[in-house]
Number of protein chains: 2
Amino acid sequence: MRIKLKIPFKLVIIAIVFAFYSCKKENTTYSENKAQTDVSQEHPKLILTAQGVKDIRAQLGSIPIFDQTLEVVKAEIDAEIEAGIEVPIPKDYSGGYTHVRHKRNWFVLQQAGLLYQILDDEKYAKYVKDMLMQYEALYKTLPLHPKTRSYARGKLFWQCLNDSNWLVYVSQAYDCIYNYLSEEERNKLETNLFKPFADHISIDSPQFYQRVHNHSTWGNTAVGMIGLVMDDQELIDRALYGIKDLKLDATKKDDDGGFLNKDGKAGFLANIEEPFSPDGYYNEGPYYQRYAMYPFLIFAEGLHNVKPELKIFEYKEGVLMKSINALLNLSDADGDFFPLNDGQKGMSYYNNALVTAVDISYHFGDQDPGLLSIAKEQDRVLLDDSGLAVALGIKNGKVEPFTKKSINLSDGPNGTQGGVAILRNEAIELVFKYAAQGSSHGHYDKLSYSLYEDGEEILQDYGLSRYVNIEQKGGGNYLKENKTWAKQTIAHNTVTQNETSHFNGKYEIGSQHHSVLNYFSSDNPNVQVASAKESNAYPGTELLRTMAIIKDEDFEKPYMLDIMKVTSNEANQYDFPFYYFGQVLQTNFDYNSPKILQPLGAKNGYQHLYLEGIGNELDENTKFSWFSNNKFYTLTTITNNKDEILFTRIGANDPEFNLRRDPALLLRTKNEKNKTFVSLIETHGSYSPVTESAKNSNSSIKEIKMVLDTEAYTAIQITNIKGNTKLFITANINASAEAKHTLKINDKNYEWSGSYYFK
Amino acid sequence: MRIKLKIPFKLVIIAIVFAFYSCKKENTTYSENKAQTDVSQEHPKLILTAQGVKDIRAQLGSIPIFDQTLEVVKAEIDAEIEAGIEVPIPKDYSGGYTHVRHKRNWFVLQQAGLLYQILDDEKYAKYVKDMLMQYEALYKTLPLHPKTRSYARGKLFWQCLNDSNWLVYVSQAYDCIYNYLSEEERNKLETNLFKPFADHISIDSPQFYQRVHNHSTWGNTAVGMIGLVMDDQELIDRALYGIKDLKLDATKKDDDGGFLNKDGKAGFLANIEEPFSPDGYYNEGPYYQRYAMYPFLIFAEGLHNVKPELKIFEYKEGVLMKSINALLNLSDADGDFFPLNDGQKGMSYYNNALVTAVDISYHFGDQDPGLLSIAKEQDRVLLDDSGLAVALGIKNGKVEPFTKKSINLSDGPNGTQGGVAILRNEAIELVFKYAAQGSSHGHYDKLSYSLYEDGEEILQDYGLSRYVNIEQKGGGNYLKENKTWAKQTIAHNTVTQNETSHFNGKYEIGSQHHSVLNYFSSDNPNVQVASAKESNAYPGTELLRTMAIIKDEDFEKPYMLDIMKVTSNEANQYDFPFYYFGQVLQTNFDYNSPKILQPLGAKNGYQHLYLEGIGNELDENTKFSWFSNNKFYTLTTITNNKDEILFTRIGANDPEFNLRRDPALLLRTKNEKNKTFVSLIETHGSYSPVTESAKNSNSSIKEIKMVLDTEAYTAIQITNIKGNTKLFITANINASAEAKHTLKINDKNYEWSGSYYFK
């Protein structure tokens with residue numbers, strides 16, 4: 001049937017695409033642009049389209065970034081062809097030889113398919129065919145993968161997840177050489193390889209496939225992509241809606257401790273529905289969003305091309321496109337993603353998945369010229385229709401900077417489960433997390449934050465405890481310290497009560513709750529504020545944190561103001577750490593260093609901290625300055641003479657040296673019901689080891705003082721060394737932008753409307 | 001008299017310089033070039049010359065790097081003039097306000113003087129005059145500086161050293177505006193400021209002035225520079241030869257523990273004679289060489305210009321020029337100096353002193369086009385005759401890369417007191433120190449080394465314990481941990497016997513001895529070797545270390561082979577550390593980690609190390625791999641089942657957090673007379689956090705084996721994972737390049753001539 005339609009459709013496509021290109025306007029949206037391409041069963045059709053191939057061939061040699069990408073890919077694939085095909089019998093975990101080889105093969109197949117179409121050179125088609133035939137011969141003989149660690153074992157790889165990765169890419173290769181193959185060859189591949197492959201990762205592995213999770217998104221997409229190429233409606237439906245009539249045990253968990261299928265939802269659409277907030281925030285955080293992004297977008301693109309009637313890019317009010325923007329905003333000045341939850345540091349928008357995201361967003365979105373500047377930094381494009389669009393945009397001088405501003409991203413399917421706020425001013429970025437649990441990759445870190453300057457960490461979030469794909473470290477998988485340290489509350493810049501983690505570190509409890517926004521305000525360019533409340537982390541205790549980045553002309557750089565108001569119905573111990581980097585420079589308090597180092601506690605992460613020093617008899621302001629990366633930093637925090645300062649370092653009870661030996665300063669308050677932690681962090685000055693000169697190495701703060709702290713308001717007075725005084729009042733309740741406030745502090749009246757007062 | 005000579009000399013100069021420029025050839029040396037400029041008492045004459053001014057003015061606007069430097073300096077000085085003159089009453093230590101201001105002033109004066117000459121704008125001359133007059137008014141009222149910590153207090157600064165710095169720069173400013181001033185003004189300045197200033201740092205401070213030390217070099221130069229400008233032969237002689245007829249107590253020491261004047265030598269010439277080896281190595285190491293370089297070269301330039309008959313650049317066979325080449329070679333791939341002895345990391349050839357060195361070396365040396373590439377990286381030139389020469393060289397396209405190769409630099413006035421060898425191959429650099437004590441800034445680290453790749457440290461030398469000019473850390477001065485840690489043997493990659501430092505950590509003993517070269521061989525581009533012996537660090541124990549960087553086609557990168565042969569007449573404990581960076585990846589031995597961390601020892605640096613783990617029951621090869629900066633490293637070392645591996649970390653007994661918490665792996669042998677440590681270090685592969693792929697993350701070594709170890713030879717057999725075997729035999733005695741050797745190992749005969757055998 002597909003073959004019968006070939007000729008007439010070709011004509012239709014040409015006509016329609018011609019119309020589409022000639023009427024394309026800057027302000028049209030992807031839905032307007034693309035609705036017409038409701039067409040072809042011609043191949044290629046999935047990602048690269050027949051028309052795209054024509055356009056690319058016509059432009060080749062005159063689209064620098066595309067030409068250059070093509071050249072790189074061609075050299076790489078030619079070298080692979082030269083080296084010969086290897087399809088080894090599966091044996092290893094991640095990082096091992098057979099794993100790496102099959103992973104390499106999926107990439108090589110996909111790229112070779114593209115080269116065949118773009119360069120019209122049969123050697124690539126033949127190569128893809130030959131390798132696919134070797135996979136066909138191998139696959140039909142394969143039992144489950146011999147490594148048993150996964151909750152859902154694959155056949156080529158130790159886990160279905162990687163099998164799915166393979167099929168997502170290889171579907172594209174198959175699409176590219178579809179017409180090159182005889183019907184008999186296609187039948188052979190589909191019957192012995194693709195169909196059983198799709199069945200294994202779905203019907204045979206429902207615990208992997210039938211849920212809302214980034215693993216399942218890969219599975220759904222794999223099944224859907226091959227379904228689109230094979231024009232197999234059953235597979236397409238299974239991809240979109242999950243395995244028909246299958247219900248799973250809602251109490252079972254996966255390797256990471258997440259529920260396998262708590263509420264019975266499944267399929268690609270449910271996977272869009274659930275994890276993305278209306279703002280495009282992905283509930284596991286940017287590291288996993290980046291990982292999930294590729295299947296989301298590539299399948300969406302395939303659906304858009306082959307099943308335009310689904311209007312996939314408009315699904316949930318265009319959330320897929322919004323998610324790309326959210327993800328780009330969840331990166332620091334260097335493009336590195338903030339390591340919220342389980343996130344490996346260094347992952348950035350230079351990752352291939354983000355090349356896909358940026359190109360697709362540009363092509364199918366509204367041609368944001370800011371995206372072109374990121375594409376330029378990425379220095380490569382997709383070798384398909386969207387990559388062509390980006391290459392033409394760059395060529396035609398449309399590039400504009402991608403400007404990241406302060407942004408508030410809601411969490412939860414309906415945007416009602418807290419969120420993540422990023423406050424930005426000049427080179428300073430504050431990431432404030434008041435989100436929901438973040439699925440099985442979530443950390444117990446309600447109202448935590450991390451602080452950056454120019455892409456460097458000032459106060460860090462530890463990230464995950466894992467060396468992804470480094471086989472020597474636990475096979476490249478999560479290390480046990482991810483649970484015992486990285487997920488625990490004390491590993492984060494937030495409050496730990498009585499040395500226990502939020503929700504007692506229990507996923508079942510944590511996943512039922514989320515923090516709540518008090519207010520977010522970014523209208524005043526000099527004062528960016530986010531405030532949120534957490535009532536469930538410790539039953540009986542309320543945490544309200546208000547964080548601001550403030551630009552004041554008396555200071556060299558914007559500073560961070562942090563007000564963490566803890567209110568409890570019983571007396572507790574509160575620990576409040578600052579995970580700084582570098583060397584201690586100066587303190588305004590005395591402290592003792594123990595001769596021997598002992599763990600700070602026995603559990604909940606405390607067993608991993610050494611106590612390196614302890615200071616007490618603190619003044620009303622405790623000052624601590626440190627030196628890192630040739631810059632100076634000072635913390636000024638309000639204390640009383642019952643508080644303690646602990647110097648800690650990560651690394652206790654870490655017999656395999658899995659953890660980084662990073663320091664923290666920890667403010668401890670014992671036996672108090674209520675405590676408001678007020679801290680101001682300055683980044684200032686610089687040191688040059690070449691000229692050996694230290695500039696502005698001292699704090700500009702003379703004093704900070706809490707002049708009011710009630711249920712309704714907290715007011716902080718900031719006096720700098722010039723003697724100038726500012727007052728910051730935050731509304732703890734009734735904090736809407738329209739609310740009007742009148743307040744008397746020290747006999748002076750303050751009247752304002754809005755969430756906060758600053759003058 | 002100076003004025004009378006004005007016109008005729010000007011003509012002479014023009015004629016001579018014209019001749020000089022027109023006959024300048026690539027192969028002429030500085031002595032040929034410059035001998036003719038035996039001339040003027042015209043001003044400026046010291047650094048910038050009257051003819052130089054003419055040439056510069058003629059070229060301005062067409063010499064990019066010069067023009068750009070001028071623009072930067074002009075903007076800076078104009079801003080200073082705008083801000084007004086400040087000459088505060090001296091009060092502070094380094095880093096404090098008055099210190100920083102006076103330091104700034106010397107720079108501003110010098111630069112303003114140059115601007116006056118180059119731009120012919122009187123405002124600069126007036127500014128210099130006005131500030132000098134303020135100094136004149138202040139200086140005559142000044143007692144000793146109020147801060148008392150120095151062994152030789154200055155008047156403007158807390159130490160004579162900084163007063164001398166001031167005068168070295170200000171002499172140049174005075175020279176530039178000499179003719180602008182009336183005779184009366186000059187008399188006033190000379191009588192009340194310059195002459196008493198020169199007297200204070202010399203006659204009044206002999207403990208500072210009258211010795212061989214970098215401090216004295218500054219003092220001598222200060223006195224000499226102002227002497228040249230004032231045409232005061234007494235000052236010039238005092239500069240060159242020291243204070244006449246003065247003898248000091250030979251047993252007194254300075255703040256750093258160095259002898260004040262052990263052998264009575266003094267003056268600028270003695271300061272060239274003593275610390276520089278014939279190869280140009282400076283006995284304190286590159287960090288202090290860089291500091292001393294400026295006065296050496298700037299005074300030499302002044303002498304060359306004003307007293308050419310002294311032939312200062314030919315002194316000691318041209319050692320000053322050689323020292324610049326040595327210093328440039330003592331830097332890593334980024335231009336950072338190797339932190340031998342007391343060296344602060346990060347100091348590099350981007351320092352202003354090296355701009356001076358490079359420009360002077362180019363101009364007065366043989367116009368090495370490699371120097372131009374460093375000048376280009378420095379991105380600025382001196383605003384004088386030599387800067388002009390460099391700017392013209394760059395403009396005329398003469399730039400060539402400055403290629404650093406393996407080099408052996410002898411130490412000691414006659415080159416007979418050991419030395420420093422640098423082995424280089426591709427991106428790998430090994431710095432092997434077998435030098436003399438290195439004066440008061442020397443460390444007790446006989447036969448120690450550090451290893452670099454692409455300018456990054458693989459195995460570090462700790463450097464000094466000091467935060468230079470960061471006031472919060474001990475006033476920016478040496479911290480007590482410099483003595484208790486940084487100088488101790490255990491802080492270095494060498495052998496410590498019985499937990500005591502070399503020479504018992506005693507300067508009096510250490511400074512009497514030096515290591516001895518066994519051989520240095522860099523002829524074979526694939527095998528670079530240095531070998532040296534130390535017989536005095538531990539009486540009764542001989543250390544012979546042979547280090548090689550070997551490029552083998554079976555390995556991704558060159559590897560390091562290290563054979564440390566220890567021979568003693570009694571049984572000892574030997575500790576042999578590897579100061580790596582980053583995370584432990586894998587070991588082939590079991591180890592235990594203590595629950596609490598205790599110091600490894602009580603003294604000699606051991607009190608600063610925590611014991612983090614201990615492994616024993618070692619195999620014949622102990623393997624340890626680690627991960628740092630996204631690269632992989634593996635140590636393979638020969639062990640026996642009596643050896644122990646200790647995991648240590650710096651930071652114990654460090655109550656002020658002065659030390660960096662860096663790790664080491666320490667191989668310990670107890671109760672043995674003789675021990676040959678054989679270690680092979682591979683750097684291999686890479687990890688990308690963006691693609692999350694680990695390349696070549698495993699060692700390529702299958703086994704290393706010592707197949708022979710006698711008094712005369714040590715032979716190491718290296719087998720790689722492909723099964724290929726290489727044999728390295730080093731001659732422990734009779735190791736000359738011509739020596740012939742015949743040797744039977746495992747029934748096979750080896751015959752070769754030269755220091756080592758490798759095949």
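Here is the naming used below: chain letters follow the sequence lines, and residue numbers restart at 1 for every chain.
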[X] portion near chain A, given a 4.5 angstrom heavy-atom threshold:
{"X": "B:N698", "value": "both"}
{"X": "B:Q607", "value": "neither"}
{"X": "B:F337", "value": "neither"}
{"X": "B:R290", "value": "side chain"}
{"X": "B:Q598", "value": "both"}

With a 4.5 angstrom heavy-atom cut-off, could you sort out which part of [X] is near chain B: side chain, backbone, both or neither?
{"X": "A:E471", "answer": "neither"}
{"X": "A:P594", "answer": "backbone"}
{"X": "A:Q344", "answer": "side chain"}
{"X": "A:Q586", "answer": "side chain"}
{"X": "A:Y291", "answer": "neither"}
{"X": "A:Y687", "answer": "side chain"}
{"X": "A:Y349", "answer": "neither"}

For chain B, which candidate among [options] shows the most heavy-atom pairs at distances under 4.5 Å?
{"options": "A:N658, A:D336, A:I470, A:N351", "value": "A:I470"}
{"options": "A:P599, A:S593, A:G346", "value": "A:G346"}
{"options": "A:N653, A:L354, A:L597", "value": "A:L597"}

Please identify, among B:I596, B:T587, B:N352, B:D654, the residue contributing the most non-hydrogen atom pairs under 4.5 Å to chain A.
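The option with the most such pairs is B:I596.
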Identify which of B:V100, B:N592, B:L585, B:T691 forms the greatest number of heavy-atom pairs closer than 4.5 Å to chain A.
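So the answer, after comparing B:V100, B:N592, B:L585, B:T691, is B:L585.
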So B:K631 and B:E456, do their side chains get closer than 4.5 Å, heavy atoms only?
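Yes, their side chains come closer than 4.5 Å.
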Is any side-chain heavy atom of A:Y610 less than 4.5 Å from a side-chain heavy atom of B:Y610?
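The answer is no; the side chains never approach within 4.5 Å.
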Kindly assign one of parallel, tilted or perpendicular to the pair A:Y579 and A:W485, based on the angle between their ring planes and the thresholds 30° and 60°.
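Taking A:W485 first and then A:Y579, their aromatic rings stand perpendicular (interplane angle over 60°).
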Quick one: sort the B:Y467 and A:F627 rings into parallel, tilted or perpendicular, breaks at 30° and 60°.
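Perpendicular: the ring planes of B:Y467 and A:F627 meet at over 60°.
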Please report whether the ring centroid of [Y] lies less than 6.0 Å from that of [X].
{"X": "B:H441", "Y": "B:Y478", "result": "yes"}
{"X": "B:W106", "Y": "B:F157", "result": "yes"}
{"X": "A:Y580", "Y": "A:F624", "result": "yes"}
{"X": "B:Y294", "Y": "B:Y169", "result": "yes"}

Decide side-chain hydrogen bond (donor to acceptor under 3.5 Å, both in side chains) for A:E682 and A:T634; before the verdict, give the C-alpha distance in whole Å, the side-chain angles of both, and the deciding distance to 0.1 Å.
CA-CA 5 Å; A:E682 297 162 86; A:T634 303; 4.6 Å; no
Go through the side-chain N and O atoms of A:R660 and A:Q460 and say whether any donor and acceptor fall under 3.5 Å apart.
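A donor-acceptor contact under 3.5 Å links the two side chains.
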Does the side chain of A:Y350 come under 3.5 Å of the side chain of A:E377 through a donor N or O and an acceptor N or O?
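Their side chains do contain a donor-acceptor pair, which is all the 3.5 Å distance test asks for.
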